[in-house]
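This report refers to the structure that appears directly beneath it.
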Protein chains: 4
Amino acid sequence: MWMEEPALAERQGPGRPRSQASHDAILDATMEILIETGYRDLTLQKIAARAGVGRQTLYRWWGSKADIVLEAFSRRTAQEIPAPDTGRVRSDLVQLMEESGKVLKKVSGPIVLGLLAEAALDEAFAAKFWKLFQSQRRAVVKNILARAIKRGELPPNLDLEFWADLFFGGLLYRLVGRQTPIDRSFGEKLAKLLPRP
Amino acid sequence: MWMEEPALAERQGPGRPRSQASHDAILDATMEILIETGYRDLTLQKIAARAGVGRQTLYRWWGSKADIVLEAFSRRTAQEIPAPDTGRVRSDLVQLMEESGKVLKKVSGPIVLGLLAEAALDEAFAAKFWKLFQSQRRAVVKNILARAIKRGELPPNLDLEFWADLFFGGLLYRLVGRQTPIDRSFGEKLAKLLPRP
Amino acid sequence: MWMEEPALAERQGPGRPRSQASHDAILDATMEILIETGYRDLTLQKIAARAGVGRQTLYRWWGSKADIVLEAFSRRTAQEIPAPDTGRVRSDLVQLMEESGKVLKKVSGPIVLGLLAEAALDEAFAAKFWKLFQSQRRAVVKNILARAIKRGELPPNLDLEFWADLFFGGLLYRLVGRQTPIDRSFGEKLAKLLPRP
Amino acid sequence: MWMEEPALAERQGPGRPRSQASHDAILDATMEILIETGYRDLTLQKIAARAGVGRQTLYRWWGSKADIVLEAFSRRTAQEIPAPDTGRVRSDLVQLMEESGKVLKKVSGPIVLGLLAEAALDEAFAAKFWKLFQSQRRAVVKNILARAIKRGELPPNLDLEFWADLFFGGLLYRLVGRQTPIDRSFGEKLAKLLPRP
DNA sequence: GACTAACCGAGACGGTACGTCCCGTCTTAAG
DNA sequence: CTTAAGACGGGACGTACCGTCTCGGTTAGTC
């Protein structure tokens, strides 16, 4: 059915090349609609109309709105939350949690929730989403912990994956729950659980 | 739009009373379709057809497929995972995590994911879902911890909500991620973090 | 697949009855578009839009634009060409040919051509079209001839079907050919071939 | 828009010459698809794909599928029905009608119907089609009649065009109607109407 | 025992989005 | 300058559901 699209630059056989302008217009239109009306009311139809693009073009390069949102979102999100490096694990984690909470309160929250919903409903998409999430967000947490181990702040046998699960599990749980904030205090409680070396 | 339906028993003026048979047929049909084709392909149309019920009846009692699934699911799920009580917090938590993992591997997993997706996309539904989840699942964890505090196994000022967040955050994160199992080992790692009194 | 729709009045089971207003609006919209842009540019999409009607409604009751046009056309065409009765076969036929030619020069021509094209391409539709054509137009010619036989103007063993074929064959051939007119002179040449009693 | 293409041989400037191989492949592919799926499902897209030809090439040489079919058909149809010459008008006509009926029962029928439909819907194409039809089929009938006049079998003032209209009008009418056969008996009835000299 | 009122099933209604197909045009590299 | 390839914007197709509506019919309490 759908398979890993070529990276836009690579592919070059005969035939008219893919239009960079359309590509960009689609991702821009997607973000606009997302911000205006949210993930649920986002529609391939609306994206195409807003981007001034044939509907087929969307199907040619992505496969669903989730794939488009994932790409539109990953373009902007990488730089949004800078990886902290204060020299102390605990304050790194606290700061990361706080920054994440701030960003998610703005436009990113609803978008992440949309992607999360899609991942919950579609195992194939979950794999793509998780892969990206892993490299863009989880890697940050694991770096913080790894640096701390090197510094001797944490025991060398610390289970990085487990701690990343805890960090993002809590974060996403609170994001979906919308009851308790994702803030500095939450980060502090988590950081206090970290073992001594 | 839609507002809290009366509890079926209460309301009684003139007019034909609501049909308990239809009510049940709807919930049964919902579970059947959920198991056969999953949450995404579940449709009010299909539920009504399968249950032999007018489509209007669904709108009279519930407001969306999410509400129906929530009720259909809550009917069966309460008894599914018995609250453990071994006399030791840590083994209680481990056992609960293990049992939860087992249940979620069967039919419950996809259904919980469906409800989670809905909660992610719809704040109003999230409130309903969380309320139920709170009373049916979170309460179990908090009871385990509360009992342990009474026993002197845990410090009396332990933040129950925080620990519940950690437990279910990790659990749901792994459920959506579908990468790492929800098993005894995960419960053990979590239990080890509990503070001494 | 598609089968003879009920006559709008007859059918009455449970469920909301068919909307007469929509039915009429559809046929009206169809005639309007036909006159404005012709058969080729007529589209189920446009009919629905113009009639202010859901697209599904068209599929529910007809099956294709050809079926709709056939009904829209048959509503208006029956009375358009009055059956002549001058007391003489030859002048009856001449007059009928002349009147037919006149009508086909106006809106009817393109519509008949559209239906003819559809009949040429679709055997199933051809049967429907021919049935209607038989009862509305061929019957007129055969009546004229039958009356003449009764009057003793024509031999009693005259092959009515063959003469009807000749009449309409010539007529439609000239309609499609658009080279030679369908006029009084054509009718006269045809009438002259009729055998003496 | 589209205008009379040069005759393939004539034109010759600088640049790569047109490919005769492509030209033939297109016409062959067209006939194949016509036979397999009929005129309605014939598509420029499919022709190009089957012929292994760029889609643009079709537009360069012809303007529509009707034009392609017309050429593909005219290549093969000229020789299909030999002009009869028995020495007697009536048997000539009967034989021609019979042969035509036989050919139209095979592959030619649906194709002629397709072209007829196109002619009905598109006046510009009708002119092209009629011109070819005139020279390839009508000419045969008019020759038969002209020879008979020369022989003294028919009156010298016979209206050839009128009789050709009658012949092909009846033939095409029965072809579209699909109710009565195009056979020897039909030819005989027609021949009997011919006037004595 | 008639009346009223809310329910029931069925199913048509106007809409919206889907995913597919084809159109006619364009833009490449290759010949 | 043509060719095959193939992407582009556009538009119609036929299908699936949505939430609403309108029927005839049912089933209780109330008069």
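The figures that follow rest on heavy atoms only: side chains count, while hydrogens, waters and symmetry mates do not. Below, read A as the first sequence line, B as the second, and so on, with proteins coming before strands; counting in each chain starts at 1.
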Return the residues of residues 111-119 of chain B meeting this criterion: a heavy atom under 4.0 Å from some atom of DNA chain F. Order them by number, or give none. none
A:Asp28 and salt bridge (Lys or Arg N to Asp or Glu O under 4.0 Å): which partner among A:Arg75, A:Arg76, A:Arg50? A:Arg75
Roughly how many Å is it from CD in C:Gln20 to P in E:dA12, rounded to a whole number? 15 Å
Can you tell me whether the side chain of A:Gln56 and the base of E:dC23 have a donor-acceptor pair closer than 3.5 Å? no
Rounded to whole Å, how long is the line connecting atom NZ of B:Lys65 with atom P of F:dG19? 11 Å
In C:Val112, C:Ile68, C:Val107, the residue satisfying side chain to side chain contact (heavy atoms under 4.5 Å, CB included) with C:Phe73 is C:Val112
D:Arg55 side, atom CZ; D:Arg60 side, atom CZ - distance, nearest 0.5 Å: 12.5 Å
When you check the phosphate oxygens OP1 and OP2 of E:dA12, does a side-chain N or O of C:Thr57 lie under 4.0 Å from one of them? no
Within residues 36-49 of chain B, residues whose heavy atoms come under 4.0 Å of DNA chain F: B:Thr43, B:Leu44, B:Gln45, B:Lys46
Does A:Lys65 use its side chain to pair, donor to acceptor, with the backbone of A:Thr30 at less than 3.5 Å? no
Bend angle of the helix from E:dG1-F:dC31 to E:dG31-F:dC1, end axes from five pairs each (to 10°): 10°
Is it the case that over 12 heavy atoms from other parts of the model lie below 6.0 angstrom from the CD atom of D:Glu123? no
Gap between atoms NE2 and P, on C:His23 and E:dG14 respectively (whole Å): 13 Å
Return the CG to CZ distance between A:Leu115 and A:Phe129, rounded to the nearest 0.5 Å. 5.0 Å
F:dG14 P sits how many Å from C:Trp61 CH2, rounded? 18 Å
Regarding F:dG10, can its base be found pairing with the side chain of A:Arg55 as donor and acceptor, where the two atoms are less than 3.5 Å apart? no
So that I know where these two stand, are D:Trp61 and D:His23 an aromatic pair - ring centroids less than 6.0 Å apart? yes
Between E:dG19 atom C1' and A:Arg60 atom CZ, what is the distance in whole Å? 14 Å
How long is the line joining CH2 of C:Trp62 and P of E:dA12, in whole Å? 13 Å
Using the side-chain heavy atoms of C:Tyr59, tell me which of these nucleotides is nearest: E:dC23, F:dT15, F:dC8. F:dT15
Grab the CD1-P distance between D:Ile68 and E:dC22 for me, whole Å please. 14 Å
Of F:dT22, E:dG9, F:dT3, the nucleotide closest to the side chain of C:Arg16 is F:dT22
Does B:Ser19 use its side chain to pair, donor to acceptor, with the backbone of B:Ala21 at less than 3.5 Å? yes
Nearest-0.5 Å distance, CG of residue D:Leu116 to CD1 of residue D:Ile111: 13.5 Å
Would you check if the side chain of D:Lys46 reaches a backbone N or O of D:Ile33 as a donor-acceptor pair within less than 3.5 Å? no
If you round to the nearest 0.5 Å, how far is CG of B:Leu44 from CG of B:Leu42? 7.5 Å
Assess whether a salt bridge exists between B:Glu118 and A:Arg40, defined as any Lys/Arg side-chain N lying under 4.0 Å from an Asp/Glu carboxylate O. yes
Nearest whole Å is fine: how far is E:dG14 C1' from C:Arg18 CZ? 15 Å
For D:Val53 and for A:Ser22, find the nucleotide of DNA chain F with the closest heavy atom, then tell me which residue's nucleotide is more 5'. D:Val53
